[in-house]
Protein chains: 2
Amino acid sequence: MPTIKDVAKMAGVSVATVSRVINNSGYVNEVTKKRVEQAISQLNYRPNNVARSLFHGRSQMIALLVPDIMNPFFPELARAVEDFAKLNDYTFVLCNTDDNPEKEMHYIYALEQKSVDGIIVVSSTVTEKSLQGIHVPIVALDRIVSAKLPSITVKNRDGARQAVRYLKQLGCKRIAHICGPDNVSNTKERLGGYIDEVKNEEWFLSSYVVSGDYQYDKAMDATKNLLKSHPEVDGIFVANDLMGVGVLKAAQELGLKVPEDIQIIGFDGISLGEKITPSITTMKQPIYEMGTRAAQLLIQQINEPNQQVQHEEYEVTLVKRESTK
Amino acid sequence: MPTIKDVAKMAGVSVATVSRVINNSGYVNEVTKKRVEQAISQLNYRPNNVARSLFHGRSQMIALLVPDIMNPFFPELARAVEDFAKLNDYTFVLCNTDDNPEKEMHYIYALEQKSVDGIIVVSSTVTEKSLQGIHVPIVALDRIVSAKLPSITVKNRDGARQAVRYLKQLGCKRIAHICGPDNVSNTKERLGGYIDEVKNEEWFLSSYVVSGDYQYDKAMDATKNLLKSHPEVDGIFVANDLMGVGVLKAAQELGLKVPEDIQIIGFDGISLGEKITPSITTMKQPIYEMGTRAAQLLIQQINEPNQQVQHEEYEVTLVKRESTK
DNA sequence: TTGAAAGCGCTAACAG
DNA sequence: CTGTTAGCGCTTTCAA
């Protein structure tokens, strides 16, 4: 790999001049500029970004930490962040944390030590305390981490209420809820919305709420158990679409017809939900918009570190599909 | 952020000694070591990796470039690479290229300029020529890029033949094929395998082959058209599982029962294939193993640059599920 | 308009 | 066992 010195030598100038040409900064004679440019292209020179980062203390790189790269929700989010990053000349990288606090902190440390300029985290284990000593700007996405961290989320409670009301409106008499892991902020909110709507129903039982941990497998198992012990359930509000697919599978394996015997409504609006049969009715988050906005907020933070902390909440919208009547 | 100097000052030693402590290299008195360690923890010092990278010319980071992060096949692959990277103390990052040559080269350049130690690419647009002037070790995964690049792939042709033979064995009389984009190496191989098995059948028509571009939407549309003009088709070999889901959807929208009216077999073995109903019979690739092996090969390359170029081909295995009888 | 030189934070001879 | 120093490749004063 040629360095700036090689270029300087070849062009018969100093490295400072080459630097000026590369960065289009300061004065440089048109003629020498041409000479330098020629040397650059002849040597196929590309500046070493590590050296640049060392000097500037930044790397023009941002990262997104997601808990589960296999849940399509996160790749969709990643796409948005990536696009916005590219538009703003940031290199984008994606890291998978398994919602494992150690992996999470490992990445955050590693990235900061690489002078990453900012990090967007989807996390339920990062805390204000664990972030002490971290200086990179961080934005929380999808889940609230701390009041001190800017965040982009949706109106989970609202969305959940809408979902449950819709099931009622469709005639469901016994509505259950498959929720996420209880340490995730949006699990609580979605569960809260469900409870709001059912707590005064005389049919409501606390055993109508079971956890699927935001995972397909667990949701499927949980649903089978639920429906075996509570065959009267005729509607399920599922806290995310991935689990929704599992609930569907469970229902079908138990010989139940969807939506005739049991109606299902999910949350997220991932595209997988419409790819399958029956397609899943869902509370759709503006995924792309959220990812974009998180990236935008992050870049703002990077450029002006002492912004006011913002918490933005997006609306979710009901998308009617085949898993409901 | 404290630097090595701050630590040195606080501990009353030179930066060299601090460096020795950090890296556990050379001799250092137990007592001074303790002092240094104390200073480190008091200052919450973490070495600046950019400076290290600049010195060493490497970053302990590897990257994976995938064409479509929304196709679950790639996240699954990514998981494997990530795990192996972590085991070997490499930071892992994932980049999405959309199979867009510019994005691909952009990433490759950007990563090389960041002193990334190695790159695994799933690509159909990178060529030997476009890689001129690139010095990072590269390993091709899933698709062959050039004879000069080590690669990890599967026996696509073989797998395709097995798939088609299985459909025949199940009684299919007219078997169609939904293939991938024609610039991808494995599209040709899978198509080749299909052709091998059907070219001598008197029923075979070239219009039984249509492209779905490895995308859900396109595969669905293509299948609808296919089945409208060729209602006699009773079996489809689909070049990947994601398209398989689309084919399923198309069949169902046309009112066809799977597998009663039409049987479907996919390729890849992504976990989505078993999550849906009916689950998709498929030719399963050893995804995790392949990702792991690619990472291993890459790290070998990094450590000993002039290895012999290896091309490894894994077997695929038939996994019978509900989309076939 | 250009060059010399300091320095970003770290490591690795080399000398003591 | 420890410190001094050069240098990784680049940018940016400061002088000329």
Side-chain angles (χ1 to χ4, degrees), chain A residues 1-40 43-61 109-117 135-136, chain B residues 1-40 43-61 109-117 135-136:
Chain A
M1 294 279 287
T3 72
I4 198 171
K5 264 190 199 160
D6 302 322
V7 177
K9 204 171 294 171
M10 178 172 235
V13 298
S14 76
V15 294
T17 303
V18 177
S19 177
R20 287 194 192 95
V21 173
I22 298 169
N23 299 293
N24 232 296
S25 62
Y27 299 88
V28 40
N29 186 309
E30 274 303 315
V31 183
T32 40
K33 187 173 172 184
K34 285 272 172 299
R35 273 217 317 285
V36 171
E37 280 167 347
Q38 208 152 79
I40 288 178
L43 292 171
N44 196 348
Y45 166 76
R46 280 168 293 131
N48 179 326
N49 253 309
V50 177
R52 282 182 160 177
S53 295
L54 179 58
F55 182 86
H56 283 122
R58 48 186 175 68
S59 60
Q60 284 294 310
M61 181 159 73
Y109 280 124
L111 292 168
E112 177 169 49
Q113 286 178 254
K114 290 195 183 337
S115 297
V116 161
D117 297 347
H135 305 88
V136 232
Chain B
M1 294 278 288
T3 73
I4 198 171
K5 263 190 199 159
D6 302 321
V7 177
K9 203 171 297 173
M10 178 172 236
V13 297
S14 74
V15 293
T17 302
V18 178
S19 177
R20 286 191 193 98
V21 173
I22 298 170
N23 298 293
N24 230 297
S25 64
Y27 299 88
V28 40
N29 186 308
E30 274 304 315
V31 183
T32 40
K33 188 172 172 185
K34 285 272 173 298
R35 272 219 316 284
V36 172
E37 280 167 345
Q38 209 151 80
I40 288 178
L43 292 171
N44 197 348
Y45 165 77
R46 280 167 295 131
N48 179 327
N49 254 308
V50 177
R52 281 182 162 176
S53 295
L54 179 59
F55 182 87
H56 284 121
R58 45 186 177 68
S59 60
Q60 284 295 310
M61 179 159 72
Y109 279 124
L111 291 168
E112 178 170 47
Q113 286 178 252
K114 289 195 180 344
S115 296
V116 161
D117 297 348
H135 306 90
V136 231

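Values below: all heavy atoms of this structure, side chains included; hydrogens, waters and symmetry mates excluded. The sequence lines fix the lettering, A, B, ..., with proteins before strands; numbering per chain opens at 1.
Whole-Å rounding puts the A:Lys9 NZ to D:dG9 P distance at 12 Å. Nucleotide D:dG9 holds its P atom 13 Å from the NE2 atom of B:His135, rounded to whole Å.
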- request: Could you run through nucleotides 2-12 of chain C and give me one letter per nucleotide, 5' to 3': B if any protein heavy atom sits under 4.0 Å from the base, S if only the sugar-phosphate is that close, - if neither?
  value: BBB--BBBSBB
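Of the residues listed (A:Glu112, A:Arg58, A:Gln113), the one engaging A:Val136 in a side chain to side chain contact (heavy atoms under 4.5 Å, CB included) is A:Glu112, and it is the only one. Considering B:Val18, B:Asn29, B:Ile22 as possible partners of B:Val36, the one that fulfils the side chain to side chain contact (heavy atoms under 4.5 Å, CB included) test is B:Val18.
In terms of modelled atom types and a separation under 3.5 Å, the side chain of A:Ser53 and the main chain of A:Asn49 share a donor-acceptor contact. Without hydrogens or angle criteria, A:Ser59 side chain to A:Ser115 main chain gives a donor-acceptor distance under 3.5 Å.
Inter-residue side-chain proximity for A:Asn23 and A:Arg52 is flagged as met; some heavy-atom pair is nearer than 4.5 Å.
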